[in-house]
2 protein chains.
Amino acid sequence: MPDPEGHPSRDEMDLRTVLSALADPLRFRVVAALVAEPERVERHCTSFGLPVSKSTRTHHFRILREAGLIRQVDRGNSRMARLRREDIEARFPGLIALIAEAGVPEPQDA
Amino acid sequence: MPDPEGHPSRDEMDLRTVLSALADPLRFRVVAALVAEPERVERHCTSFGLPVSKSTRTHHFRILREAGLIRQVDRGNSRMARLRREDIEARFPGLIALIAEAGVPEPQDA
DNA sequence: AGGGAGGTACGAAAAATTTCGTACCTAAGG
DNA sequence: CCTTAGGTACGAAATTTTTCGTACCTCCCT
């Protein structure tokens with residue numbers, strides 16, 4: 001069972017769920033941006049500049065969280081996102097390298 | 001440019017297109033089934049037992065073909081599908097291993 | 001205490017994807 | 001030659017996903 005905030009444990013992660021999460025252009029951009037960051041970096045959910053309303057943003061971050069790709073941490077009145085790099089690498093070895101190789105898409109093609 | 005039948009060349013393959021192709025449950029099943037086969041096996045498009053009409057089947061195989069995941073070859077009056085294993089491995093190393101590890105889903109879960 | 005930034009939940013609208021039916025084509029086999 | 005199996009193209013229906021607006025909550029700051 002996922003934890004109360006909806007984070008699955010490492011072995012609850014499912015490849016098809018992860019692929020669906022990454023299939024959306026905005027979500028891919030978020031993950032690719034995190035992959036390009038140094039290890040353990042936390043970023044504001046707002047810092048990705050997604051061209052959508054905040055309720056849509058909540059929706060996308062929920063899907064990323066429930067797929068196990070990111071961990072969201074409460075930091076006072078805002079929420080930070082961190083890539084679950086080790087868990088992803090352990091469960092789906094090589095996936096992060098593939099995303100890193102593809103790079104962060106430009107906003108317009110996504 | 002893709003060839004006349006819509007197969008992209010190796011370096012025209014795009015990770016996001018591939019991920020979108022794999023995000024559909026039926027298409028994932030097809031690819032996972034091909035991954036589980038020995039190298040170079042060709043299978044009838046009908047042999048996967050997809051629970052959809054033939055026009056829908058055409059649609060899904062087109063998406064797989066245009067993503068570069070399979071190559072479709074005319075064999076008289078029918079068409080065979082073959083995994084583009086080497087191209088996929090060259091362009092997205094590790095991806096096939098991830099799919100192989102996930103296994104072929106049971107029909108009911110997708 | 002009050003205002004503002006950042007978030008979530010919920011329901012509905014909009015857009016994209018999947019699905020099917022029909023019509024049509026080609027090749028293989030009787 | 002005719003039938004049948006396997007496919008494609010096109011348009012429309014059904015479903016899913018994305019998107020947004022509104023209402024509401026919490027924490028920080030003044």
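Just so you know, these numbers use all the heavy atoms, side chains as well, and skip hydrogens, waters and symmetry mates. Quick note on labels: first sequence line is chain A, next is B, and so on, each numbered from 1.
- No donor-acceptor distance shorter than 3.5 angstrom exists from the side chain of A/R71 to the backbone of A/R65, with no hydrogens or angles considered.
- At the heavy-atom level, B/S53 lies under 4.0 Å from base atoms of the strands shown.
- The phosphate of D/dA9 (OP1 or OP2) has a side-chain N or O of B/R62 nearer than 4.0 angstrom.
- Formation of a donor-acceptor pair under 3.5 Å by the A/R10 side chain with backbone atoms of A/G68 is not found in this model.
- Side-chain atoms of A/E12 come within 3.5 Å of backbone atoms of A/S9 as a donor-acceptor pair (strictly under, hydrogens ignored).
- With hydrogens and angles left out, the side chain of B/T46 and the base of D/dG6 share no donor-acceptor pair within 3.5 Å.
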Fill in the dot-bracket string of DNA chain C, one character per base: . for unpaired, | for a pair to another strand, ( ) or [ ] for pairs within the strand, taking Watson-Crick or G-U pairs under 3.5 Å.
||||||||||||||||||||||||||||||
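- The shortest distance between the side-chain N/O atoms of A/T58 and the OP1/OP2 oxygens of C/dT8 is below 4.0 Å.
- The side chain of A/R27 places an N or O atom within less than 4.0 Å of a non-bridging phosphate oxygen (OP1 or OP2) of D/dT18.
- A/S55 contributes a side-chain N or O that forms a donor-acceptor pair with the base of D/dG21 under 3.5 Å.
- A/T17 and A/S20 are not linked by any side-chain donor-acceptor pair at a separation below 3.5 angstrom, with hydrogens and angles left out of the test.
- Checked against side-chain hydrogen bond (donor to acceptor under 3.5 Å, both in side chains), A/T58 has no partners two or more places apart in sequence or in another chain.
- The shortest distance between the side-chain N/O atoms of B/T56 and the OP1/OP2 oxygens of C/dT18 is not below 4.0 Å.
- Looking at heavy-atom distances under 4.0 Å, A/H60 makes contact with sugar-phosphate atoms alone, never a base.
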